[in-house]
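First up is the structure itself, then whatever we jot down about it.
Read the numbers this way: they start at 1 and go in the same order the structure lists the ligands and their atoms.
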Amino acid sequence: MKKKKIAVLTGAGISAESGVKTFRDANGLWEGHDVEQVATPYGFEKDPELVLNFYNKLRRQLKEVEPNPAHRLLAELEKDYEVVVITQNVDDLHERAGSHHIIHLHGELLKMRSVDDSYTLYDCKEDIKVGDMSPTGVQLRPHIVWFGEDVPMIGKAAEEVESADIVVIIGTSLQVYPAAGLMNCAKEGTPIYYVDPRPSIDSKNNITVIKDVASRGVAKAIELIKELK
Ligand code: OAD
């Protein structure tokens, strides 16, 4: 029998229990940092060192964190379902938990690219510094989608959501578009489960809100999914 397809949309909240800070909660990542400064092409042009250091710090932090039960439950779900994880996160915790089909909407800390070519990506395990050049002789920058830049994976992500039988949303404030609009690509009536301790929408019609942290909430969502006909 063909496996049902689940599209999982994750945000910073799924990595919170691993010790990765979210963006907009108190003490979030933006605190002390102006978004314009560290997450726009303009900010990078103005002060590349500050921006590179911001992402260097996040990249170094990856070495100190581990996937949590929510990441692992999603990886295990592949035994019984076709699962595609569409994440706004730039960490590699879904990969390390064992998920196989992952779309990074906002880029990846462990990749870099030159400032003049958003398509040729290089592995990036260490800090990037001003003066570090691509093989083509151009300054390198993190492979992060900054505000005001295109989100190249959005079309593919929309197709995945549209063809899903079930949608699960975890740990996102649903404030950043186009990612926040992806749930609207689901076919009418598709069951949608949204796990977040401070959800930004209420349960209604086909949307079930599970007000809880990711580890417990994802376990509850999976129980409900297993009850579906
Ligand atoms: P936000 O920081 O905006 O939202 C985090 C969400 O996680 C909030 O709704 C919290 O309630 C929830 N949360 C906190 N702790 C949680 C836990 N233990 N379990 C589950 N949920 C929890 O982060 P995002 O919505 O992911 O973009 O932000 C979207 C984008 O904004 C990011 O990808 C980033 C930023 O600009 C780029 O870097 C381009």
TODO: Have a look at ligand 1 and work out which part of Val145, if any, has a heavy atom under 4.0 Å from it: side chain, backbone, both or neither.
DONE: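 Looking at Val145 and ligand 1, just backbone atoms fall under 4.0 Å.
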Which of the numbered atoms in ligand 1 are under 4.0 angstrom from any heavy atom belonging to [X]?
{"X": "Glu17", "result": "18 (N)"}
{"X": "Thr172", "result": "6 (C), 9 (O), 24 (P), 25 (O)"}
{"X": "Phe147", "result": "36 (O)"}
{"X": "Val213", "result": "18 (N), 19 (N)"}
{"X": "Val176", "result": "29 (C), 30 (C), 31 (O)"}

Task: Any Ile14 side-chain heavy atom under 4.5 Å of Leu74 side chain - done: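 In contact.
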TODO: Could you check if a side-chain atom of Ile225 sits within less than 4.5 angstrom of a side-chain atom of Lys4, using non-hydrogen atoms only?
DONE: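 Heavy-atom side-chain distance check fails, nothing below 4.5 Å.
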Does ligand 1 come near enough to [X] that some N or O of the ligand is less than 3.5 Å from an N or O of the residue?
{"X": "Asn89", "result": "no"}
{"X": "Tyr194", "result": "no"}
{"X": "Gly11", "result": "no"}
{"X": "Ala214", "result": "yes"}
{"X": "Ala12", "result": "yes"}
{"X": "Gly13", "result": "yes"}
{"X": "Gln88", "result": "yes"}

- [ ] With salt bridge (Lys or Arg N to Asp or Glu O under 4.0 Å) as the test, would you mind laying out the steps for Arg216 and Glu223 before giving the verdict?
- [x] CA-CA 11 Å; Arg216 282 196 305 259; Glu223 272 174 37; over 6 Å; no
Open item on the list: I'd like to know whether ligand 1 has Trp146 as a neighbour, heavy-atom separation below 4.0 Å.
Closed with: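 No.
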Open item on the list: With a cutoff of 4.0 Å, is Pro197 in contact with ligand 1, counting heavy atoms of the residue only?
Closed with: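 Right, Pro197 reaches ligand 1.
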- [ ] Without swapping roles, check the side chain of Ser203 against the backbone of Val209 for a donor-acceptor pair under 3.5 Å.
- [x]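 Pair found, side chain donor or acceptor close to backbone of Val209.
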TODO: Under the side chain to side chain contact (heavy atoms under 4.5 Å, CB included) rule, what do Ile210 and Leu224 come out as? Steps first, then yes or no, please.
DONE: CA-CA 11 Å; Ile210 300 168; Leu224 295 175; 4.1 Å; yes
- [ ] Look at atom NZ of Lys3 and say whether more than 12 heavy atoms of other residues, nucleotides or ligands are closer to it than 6.0 Å.
- [x]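 Above 12, so yes.
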TODO: Take atom CD of Glu149 as the centre, draw a 6.0 Å sphere, and report whether it contains more than 12 heavy atoms from other residues, nucleotides or ligands.
DONE: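 For Glu149, atom CD is crowded (more than 12 foreign heavy atoms under 6.0 Å).
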TODO: To the nearest 0.5 Å, tell me how far Cys185 SG sits from Ile154 CD1.
DONE: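 Reported to 0.5 Å precision, the distance equals 7.5 Å.
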- [ ] List the steps and the verdict of side chain to side chain contact (heavy atoms under 4.5 Å, CB included) for Ile86 and Val161.
- [x] CA-CA 9 Å; Ile86 301 162; Val161 175; 3.7 Å; yes
Open item on the list: Run the side chain to side chain contact (heavy atoms under 4.5 Å, CB included) test on Tyr193 and Ile222 for me, step by step, so that the C-alpha distance in whole Å, both residues' side-chain angles and the decisive distance to 0.1 Å come before the verdict.
Closed with: CA-CA 9 Å; Tyr193 301 91; Ile222 292 173; over 6 Å; no
- [ ] Anything under 30° is parallel, anything over 60° is perpendicular, the rest tilted; go ahead and classify Trp146 against Tyr55.
- [x]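 Ring orientation, 0 to 90° scale: tilted.
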- [ ] Tell me which one of Arg24, His106, Gln175, Lys211 gets a heavy atom nearest to atom 28 (O) of ligand 1.
- [x]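 Considering heavy atoms of Arg24, His106, Gln175, Lys211, the nearest to atom 28 (O) of ligand 1 sits in Arg24.
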Task: Selected option - heavy-atom contact closest to atom 15 (N) of ligand 1, from Ser15, Ala16, Ala179, Ala180 - done: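 Checking each option, the heavy atom nearest atom 15 (N) of ligand 1 is found in Ala16.
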